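Keep in mind it's a predicted model, so treat the numbers as computed, not measured. All residue numbers refer to positions in the sequence shown, counting from 1.
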Amino acid sequence: MVKFIEYGDIFALDGVNSFAHGCNCAGAMGRGIAVQFKEKFPQMYHEYKEMCRNGLFRPGDVFDYNFGIGYVYNLGTQESWRTRAKIEYIEEALTRMIELAKLAGVTDIAMPAIGAGLGGLDWGRVKEVIETVADKSRSVTLHVVEKYRPKA
């Protein structure tokens, strides 16, 4: 299932303690919401960067990081920070993320409008893919914040 939220902050949603975001596969988290993930989860960033350097994180992959009270799902949506996201990478990564979440007992995941910001894709198309993938799973709810707005 998917719930779209027009404005908000994925880190401030009540009852949600697992998160996802689109990543490049080059080890860079220097712009957009990735910077927040890098700052909130420095050990995750270190492991992600090492995986990228060793060629272990590829487009369509998911690096799931358990931070104790939830998970961060790093979705391989771009080859590098210089390239655009690809819709097939998003679909593959979302499908894998839901599989991993089910195995871990995760029922709710908050995420931004992946692939449509720095990734350069049309949000309408990405939204369709998110809905299609999420509709296949009734046990995991995706809370998608379409536009960032800090909690007042």
Test: Lys102 and Glu99 ion pair at under 4.0 Å: no

Stepwise side chain to side chain donor-acceptor pair (under 3.5 Å) test for Gln43 and Tyr65: CA-CA 9 Å; Gln43 183 59 37; Tyr65 178 78; 5.7 Å; no

Inter-residue atom distance Ile90.CD1 - Thr77.OG1, 0.5 Å rounding: 5.5 Å

Phe19 side chain reached by Ile33 side chain, heavy atoms, under 4.5 Å: no

Donor-acceptor pair, side chain of Thr83 and main chain of Ser80, under 3.5 angstrom: yes

Same apolar cluster (I L V M F W Y, side chains within < 4.5 Å links), Tyr48/Tyr73: no

Closest heavy-atom pair and its distance - Ser18, Gly70: OG-CA, 3.6 Å

Closest non-hydrogen atom pair between Gly76 and Ala93, with its separation: N-CB, 4.3 Å

Side chain to side chain contact (heavy atoms under 4.5 Å, CB included) assessment of Phe11 paired with Lys40: CA-CA 10 Å; Phe11 298 112; Lys40 288 182 182 298; 3.4 Å; yes

Same apolar cluster: Tyr89 and Val72, side chain cutoff 4.5 Å: no

Val133 side chain reached by Glu91 side chain, heavy atoms, under 4.5 Å: yes

Nearest atoms (heavy-atom pairs only) where Ala101 meets Ile109: CB-CD1, 3.8 Å

Main-chain N/O of Ala28 paired to Asn24 side chain as donor or acceptor, under 3.5 Å: yes

With Tyr45 via ring pair (Phe, Tyr, Trp, His ring centres under 6.0 Å) - residues at least two apart: none

Ring pair (Phe, Tyr, Trp, His ring centres under 6.0 Å) partners of Phe63, counting only residues at least two apart: none

Check: Leu142 and Met97 side chains under 4.5 Å, non-hydrogen atoms: yes

Asp108 vs His143 side-chain heavy atoms within contact, under 4.5 Å: yes

Val144 side chain reached by Ile5 side chain, heavy atoms, under 4.5 Å: no

Shortest non-hydrogen contact between Pro59 and Cys25, atoms and distance: N-SG, 3.3 Å

hydrophobic_cluster_shared for Val129 and Val62, side chain cutoff 4.5 Å: yes

Lys147 atom NZ, neighbour heavy-atom count above 12 within 6.0 Å: yes

Rounded distance (nearest 0.5 Å) linking atom CD1 of Ile130 with atom CD of Glu128: 10.5 Å

Side chain to side chain contact (heavy atoms under 4.5 Å, CB included) evaluation trace for Asp9 with Arg149: CA-CA 6 Å; Asp9 179 348; Arg149 180 182 290 160; over 6 Å; no

Criterion side chain to side chain contact (heavy atoms under 4.5 Å, CB included) on Met111 and Leu94, from CA distance to verdict: CA-CA 11 Å; Met111 58 191 281; Leu94 285 172; 3.8 Å; yes

Cluster link Leu75 to Leu56, ILVMFWY, side chain under 4.5 Å: no

Side chain to side chain donor-acceptor pair (under 3.5 Å) between Asn66 and Tyr71, worked out: CA-CA 4 Å; Asn66 182 338; Tyr71 285 81; 3.2 Å; yes

Separation between CG of Asp135 and CD of Glu131, rounded to the nearest 0.5 Å: 7.0 Å

Parallel, tilted or perpendicular: rings of Phe67 and Phe41 (30°, 60°): tilted

Min side-chain heavy-atom separation Glu146-Trp123 under 4.5 Å: yes

Hphob cluster co-occupancy, Ile10 + Ile69, side-chain heavy atoms under 4.5 angstrom: yes

More than 12 heavy atoms from other groups under 6.0 Å of NZ on Lys127: yes

Atom pair CD1/SG of Ile114 and Cys23 - distance to nearest 0.5 Å: 10.0 Å

Side chain proximity check, Leu13 to Val145, heavy atoms < 4.5 angstrom: yes

Validation row: Lys3, Thr141 side chains within 4.5 angstrom (heavy atoms): yes

Closest contact, heavy atoms only, Ala20 versus Pro112: O-CD, 3.1 Å

Residue pair Met29, Met44: steps toward the side chain to side chain contact (heavy atoms under 4.5 Å, CB included) verdict: CA-CA 11 Å; Met29 286 191 183; Met44 178 224 46; 4.0 Å; yes

